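Only one structure is covered here, and it is reproduced in the block below.
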Amino acid sequence: MTFELQHTDDASEARTGLITTDHGIIKTPIFMPVGTCGSVKAVHLRELEEQVKAQIILGNTYHLYLRPGLDVLRAAGGLHKFNGWAHPMLTDSGGFQVFSLTGIRKLREEGCEFRSHIDGSKHFFTPENVMDTERVIGADIIMALDECPPGQSDYQYAKKSLALTQRWLDRCIRRFNETEPLYGYKQALFPIVQGCTFKDLRQEAAKFVADKGAEGNAIGGLAVGEPTEVMYEMIEIVNEILPKDKPRYLMGVGTPQNILEAIERGVDMFDCVMPTRNGRNAMLFTYNGTMNMRNKKWETDFTPIDPDGCETDRLYTKAYLHHLFKAQELLAMQIASIHNLAFYLRLAADARQHIEQGGFVIWKRSIINQLGRRV
């Protein structure tokens, strides 16, 4: 994997770049749709390509490990062949999912024991077997196993957690270097910066990660309940240290406003379940703000969902989508998911264009408030 820094904004840390993988090129800044179980919920691959214009999607190691399981994925030749996605893919390490299983997991130096949310069966993740698992899944970019401490952790817990994450990172890197990709193309390993909301821990973590010389780096443990201004402060602290010639991935973030603020602070890659999850619950994101499609106000609005949006936005009206949600038709969730993902990708593409042409900060300030209002 390579990263070419192309443009930097004169008034901020925003930048554009090209990530090149064996499955294709990714133009940054980029939003990555989340395909937890190997599928972006309610969205066909053709729609991901043609309407959403996704360049890279995610798979979740925890969920794929449990179902369909490594034997199936290995027999299929990896996730690309299993789900038919021919473009770049990224997998997380499953750490966030495992550590959110409060009460059914046990953490120790060797790794983390947990019980499946599906059938209660017992499993054990270590840095080594997570690397092996991500080799079997076969994503282009894979993540190191880390502990995701609760957002409100006290300093002593956060410090202890970070030390464990750093020891696990060394073990991940060792295992990654000892093994080879399974399907004839290369994989890149990204470390994850943790440290909760403590400046000195975030600085320590960023330096530790930067010294590893990885092909890209991730920022984890944010958007977990802390105030947004604190999140932005942590991003600034970390990006002062992470190398500028490597892509920076902010994990699990977030709203359109969050994404633009993070782009301004030098982040290149994003993922979040919000576009699809909120879409399935009738919330649409637009440049004018958010729309609840169950509201009666849309009942006789026969204008397109978004005249400037994707083909689906222009094909269907607000009134029709309102009707589908009221009638609990599955098509409602599909239309809303396509719209929201297409909007997120469009937002990232527009940000890229304004960075290239100049005036990104002015553009961002002109739209940031209306993005969050309710229409």
Side-chain angles (χ1 to χ4, degrees), residues 1-21 23-34 52-58 87-92 139-144 187-193 202 205-206 209-210 212-223 231-272 274-275 341 344-358 360-361 363-364:
M1 194 202 82
T2 63
F3 178 64
E4 176 190 347
L5 186 62
Q6 292 188 305
H7 302 275
T8 54
D9 183 59
D10 292 337
S12 72
E13 296 298 313
R15 72 249 198 96
T16 69
L18 290 179
I19 299 172
T20 302
T21 75
H23 280 99
I25 294 175
I26 305 155
K27 296 179 180 180
T28 64
I30 190 65
F31 180 82
M32 304 179 285
V34 177
V52 174
K53 302 189 184 305
Q55 300 174 45
I56 174 174
I57 63 173
L58 267 67
H87 310 289
M89 239 187 281
L90 181 150
T91 46
D92 62 12
D140 302 87
I141 299 171
I142 68 177
M143 310 305 297
Q187 294 178 286
L189 172 63
F190 282 23
I192 302 173
V193 176
R202 284 286 176 178
V209 161
K212 300 303 175 183
E215 293 172 284
N217 301 294
I219 306 170
L222 294 175
M231 176 175 70
Y232 300 149
E233 179 188 3
M234 293 302 110
I235 294 170
E236 291 173 7
I237 289 168
V238 168
N239 279 350
E240 286 177 0
I241 297 168
L242 290 181
K244 296 184 183 298
D245 62 344
K246 304 291 178 64
R248 300 159 174 164
Y249 164 31
L250 181 60
M251 305 180 75
V253 177
T255 68
Q257 304 97 299
N258 293 157
I259 289 173
L260 291 183
E261 294 286 359
I263 288 173
E264 184 175 359
R265 290 162 172 82
V267 174
D268 308 295
M269 305 167 69
F270 303 87
D271 80 286
C272 189
M274 190 173 286
L341 287 173
Y344 267 62
L345 268 294
R346 178 177 153 207
L347 185 71
D350 289 349
R352 178 182 173 87
Q353 180 180 355
H354 282 90
I355 295 167
E356 291 176 341
Q357 296 177 351
F360 167 79
V361 172
W363 170 74
K364 189 215 79 170

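Since the structure is predicted, the reported quantities are computational estimates derived from the model, not experimental observations.
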At their closest point, which heavy atom of [X] faces which heavy atom of [Y], and how far apart are they?
{"X": "Ala223", "Y": "Gly252", "value": "CB-O, 4.2 Å"}
{"X": "Pro33", "Y": "Ala54", "value": "CG-CB, 3.9 Å"}
{"X": "Ile192", "Y": "Ala144", "value": "CD1-O, 3.4 Å"}
{"X": "Val361", "Y": "Glu264", "value": "CG2-OE2, 3.9 Å"}
{"X": "Ala205", "Y": "Val193", "value": "CB-CG1, 3.7 Å"}
{"X": "Phe190", "Y": "Pro247", "value": "CZ-CG, 4.0 Å"}

How long is the straight-line distance from [atom2] of [Y] back to [atom1] of [X], given to the nearest 0.5 Å?
{"X": "Tyr249", "Y": "Met143", "atom1": "OH", "atom2": "CE", "result": "6.0 Å"}
{"X": "Ile57", "Y": "Thr91", "atom1": "CD1", "atom2": "OG1", "result": "11.5 Å"}
{"X": "Lys53", "Y": "Leu341", "atom1": "NZ", "atom2": "CG", "result": "13.5 Å"}
{"X": "Cys272", "Y": "Asn258", "atom1": "SG", "atom2": "CG", "result": "8.0 Å"}
{"X": "Ile56", "Y": "Ile26", "atom1": "CD1", "atom2": "CD1", "result": "4.0 Å"}
{"X": "Thr16", "Y": "His7", "atom1": "OG1", "atom2": "NE2", "result": "4.5 Å"}

pair [X]-[Y]: side-chain heavy atoms closer than 4.5 Å:
{"X": "Phe3", "Y": "Glu215", "answer": "no"}
{"X": "Thr21", "Y": "Met89", "answer": "no"}
{"X": "Leu345", "Y": "Ile30", "answer": "yes"}
{"X": "Ser12", "Y": "Lys364", "answer": "no"}
{"X": "Glu261", "Y": "Met231", "answer": "no"}
{"X": "Asp92", "Y": "Leu58", "answer": "no"}
{"X": "Glu4", "Y": "Thr20", "answer": "no"}
{"X": "Lys27", "Y": "Gln6", "answer": "no"}

Closer than 3.5 angstrom, by distance alone: can the side chain of [X] be matched with the main-chain N or O of [Y] as a donor-acceptor pair?
{"X": "Asn239", "Y": "Arg265", "result": "yes"}
{"X": "Arg202", "Y": "Glu236", "result": "no"}
{"X": "Arg248", "Y": "Ile219", "result": "no"}
{"X": "Gln187", "Y": "Ala139", "result": "yes"}
{"X": "Thr28", "Y": "Gly17", "result": "yes"}
{"X": "Lys246", "Y": "Ala214", "result": "yes"}
{"X": "Asp9", "Y": "Arg15", "result": "no"}

Walk me through whether Ile355 and Ile263 qualify under side chain to side chain contact (heavy atoms under 4.5 Å, CB included). CA-CA 10 Å; Ile355 295 167; Ile263 288 173; 4.0 Å; yes
So Tyr344 and Met274, side chain to side chain contact (heavy atoms under 4.5 Å, CB included) or not? Walk me through it. CA-CA 10 Å; Tyr344 267 62; Met274 190 173 286; 3.9 Å; yes
For side chain to side chain contact (heavy atoms under 4.5 Å, CB included), just list the numbers for Ile259 and Phe31, CA-CA rounded to whole Å, side-chain angles, deciding distance to a tenth of an Å, and then say yes or no. CA-CA 9 Å; Ile259 289 173; Phe31 180 82; 3.8 Å; yes
Applying ring-ring contact (aromatic ring centres under 6.0 Å, His included), name anything that partners His354, two or more places apart in sequence or on another chain. Trp363
